[in-house]
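Indexing begins at 1, ligand by ligand and atom by atom, following the structure's order. Owing to the predicted nature of the structure, the values given are computational and were not obtained by experimental measurement.
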Amino acid sequence: MTTNRGVVYVSAGKVKVRDIGYPELVLRDGPGVNPLNVGRKCEHGVILKVITTNICGSDQHMVRGRTTAPSGLVLGHEITGEVIETGRDVEFIQKGDIVSVPFNIACGRCRNCKRQDTHICENVNPDRPGSAYGYVDMGGWVGGQSEYVMVPYADFQLLKFPDKEQAMEKILDLTMLSDIFPTGYHGAVNAGVRPGVTVYVAGAGPVGLAAAHSAQLLGASVVIVGDLIEERLAQARSFGCETINLREHINIGEQIEQILGVPEVDCAIDAVGFEASGHGEGAVEAPATVLNTVMNITRAGGRLGIPGLYVTGDPGGIDEEAKEGTLKIRFGLGWAKAHTFVTGQTPVMKYHRDLMMAILSEKAQIAKAVNATVISLDEAPAGYQEFDGGASKKFVIDPHRLVKS
Ligand SMILES: NC(=O)c1ccc[n+]([C@@H]2O[C@H](COP(=O)([O-])OP(=O)(O)OC[C@H]3O[C@@H](n4cnc5c(N)ncnc54)[C@H](O)[C@@H]3O)[C@@H](O)[C@H]2O)c1
Ligand SMILES: [Zn+2]
Ligand SMILES: [Zn+2]
């Protein structure tokens, strides 16, 4: 077993499945690997046989050429797998365990990790706090849209599923624990969702749908989802959300008033990020749209959860300012309304165990909410294309054909 195949970013709009080399318990040089991370020993790590690995909207930013991701970068930060080898320093995780990998790599030893802020670990990315597998500017940890992958800091990071047979039964739900379920939930928690409140979720992609489902789990009275893609809005309605089609309606406040009787919501979640479109027929990219919208329609004192991703460098930005992540946000409005903003990567480990229990006890139906759709590794390039076209599917790559249909 010395071969390995994985999904590799080639150039804007193009990914390929290629031989990528079998993983070792050391980070070798390769496309996107930070020079200071080359040769880093990972005896605290494990090798996983990948069971499922999902395609994410965050991957799409790179694949659309909207980041400085280098050609040859192995993609994939949403990983679930079986442990097949453990490093010398791994004490508790064992061969044969089926585990969920939090997409943020974290040492467990720094000041931020000690506070459960594993999304801004100080020791895994020489450039800045925070890291992830298969992602530009995140240290160069090799991605897991592949047959096998190395996962460092295994004892600290991995969430072991209690029963293997049960795990394989529920694998399409459990696979969402590596990112989007905690991410949607984090968005909802930080927006202050609690029993009875009304919520607006911008974006009906997988993260928006996960946020909407999370808001329901937390007891929201009405969840309103906005997007420009009707198929995605239909998916949101399939589990009880209200929807607003932003291609047809420019004035969200009016639409909210028709649903709630008042033109504002108690809290809002941005599940779109910097590639946001304006509203209306023929709308073009307008990166600050969602941030300005959520300030407009959230009541004074409300909280705004912002899992949608914003960047510090965007070669495809609409103007010189957007190219360096400077956006035209009406911050005075948010200030006047005393809004609270919560941004950043999701600290997955804060939530993944509890959400696993919600799945295993059938309180949560996340795979259904996001329309989990299984594909093979070779179908990944087609999956990327279909997802980019706006399909209402969360693509789950099954590299070893282990998932029962
Ligand atoms: N914070 C984190 O840790 C984290 C984790 C995962 C994903 N993300 C980010 O969350 C965002 C969503 O991810 P996804 O996988 O659902 O992506 P996605 O691209 O599938 O979904 C984004 C959706 O937003 C819609 N949209 C565009 N402009 C809009 C607007 N003005 N109002 C409402 N909807 C609009 C699009 O039509 C699309 O359906 C991405 O930016 C992704 O990078 C962040
Ligand atoms: Zn993701
Ligand atoms: Zn750390």
Side-chain angles (χ1 to χ4, degrees), residues 53-62 64 66-67 75-79 102-125 129-135 153 156-157 176 178-184 186-187 190 200-211 225-233 235-236 243-247 252 269-280 283-294 305-311 342-348 370 387-395:
T53 174
N54 322 322
I55 298 176
C56 180
S58 298
D59 299 323
Q60 294 286 11
H61 302 308
M62 291 187 286
R64 291 187 188 121
R66 297 298 298 269
T67 69
L75 300 170
H77 58 270
E78 302 192 5
I79 310 164
F103 79 86
N104 341 91
I105 299 159
C107 74
R109 302 154 193 193
C110 71
R111 178 175 167 187
N112 291 339
C113 282
K114 283 175 185 166
R115 292 181 357 185
Q116 276 198 318
D117 286 334
T118 51
H119 57 309
I120 42 173
C121 171
E122 293 177 333
N123 290 331
V124 282
N125 177 1
S131 183
Y133 299 86
Y135 215 86
Y153 305 106
F156 176 61
Q157 292 225 270
M176 305 306 167
S178 57
D179 181 349
I180 63 161
F181 196 12
T183 293
H186 180 64
N190 284 305
Y200 174 70
V201 180
V207 171
L209 296 170
V225 181
D227 202 302
L228 298 94
I229 301 174
E230 185 47 40
E231 181 189 335
R232 291 187 163 194
L233 293 171
Q235 180 64 25
T243 59
I244 301 176
N245 187 323
L246 302 169
R247 199 168 290 292
I252 304 193
I269 301 165
D270 171 357
V272 180
F274 74 104
E275 288 192 68
S277 157
H279 304 159
V284 292
E285 186 169 312
T289 304
V290 176
L291 296 172
N292 286 324
T293 298
V294 292
I306 309 182
L309 187 147
Y310 291 86
V311 290
V342 181
T343 62
Q345 277 189 24
T346 303
V348 169
V370 302
F387 187 43
D388 189 41
S392 190
K393 292 175 182 170
K394 174 72 175 173
F395 285 108

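- One option in Gly208, Ala271, Ser58 has a heavy atom closer to atom 22 (C) of ligand 1 than any other, and that option is Ala271.
- Considering Ile55, Val294, Asp179, Val348 only, the shortest heavy-atom separation from atom 5 (C) of ligand 1 involves Asp179.
- In this structure, Gln116 and Pro347 approach most closely via the heavy-atom pair O-CB, 3.7 Å.
- The atom of Asp179 nearest to the Zn ion (ligand 2) is OD2, with the search restricted to N, O or S atoms.
- Counting heavy atoms closer than 4.0 Å to ligand 1, residue Leu309 contributes atoms from both its backbone and its side chain.
- Across every non-hydrogen atom of Ile180 and Pro206, the tightest pair is CD1-CB, 3.9 Å.
- Only the side chain of His279 comes within contact range of ligand 1, with a heavy atom under 4.0 Å; no backbone atom does.
- Only the side chain of Arg232 comes within contact range of ligand 1, with a heavy atom under 4.0 Å; no backbone atom does.
- Counting heavy atoms under 4.0 Å from ligand 1, residue His186 does not touch it at all.
- Summary of contacts: the protein heavy atom closest to atom 17 (O) of ligand 1 is Gly57 CA, 3.5 Å.
- Counted by atom type alone, Asn112 and His119 present zero donor-acceptor pairs between their side chains at under 3.5 Å.
- In this structure, of Ile180, Asn245, Val272, the residue bringing a heavy atom nearest to atom 24 (O) of ligand 1 is Val272.
- Checking Leu246, Val207, Thr183 against atom 4 (C) of ligand 1, the nearest heavy atom belongs to Thr183.
- Rounding to 10 degrees, one finds that the Zn ion (ligand 2) sits at the corner of an angle of 110° between Cys56 SG and His77 NE2.
- In this structure, Phe274 has no heavy atom closer than 4.0 Å to ligand 1.
- Closest protein heavy atom to atom 25 (C) of ligand 1: Asp227 OD2, 3.2 Å.
- Donor-acceptor pairing under 3.5 Å is recorded for the side chains of Asp270 and Tyr310.
- Looking only at side-chain heavy atoms (C-beta outward), Asn54 and Ser178 come within less than 4.5 Å of each other.
- Distances from the Zn ion (ligand 2) to each N, O or S atom of Glu78 single out OE2 as the nearest.
- The distance from ligand 1 to the heavy atoms of Thr346 drops below 4.0 Å at these ligand atoms: 1 (N), 2 (C), 3 (O).
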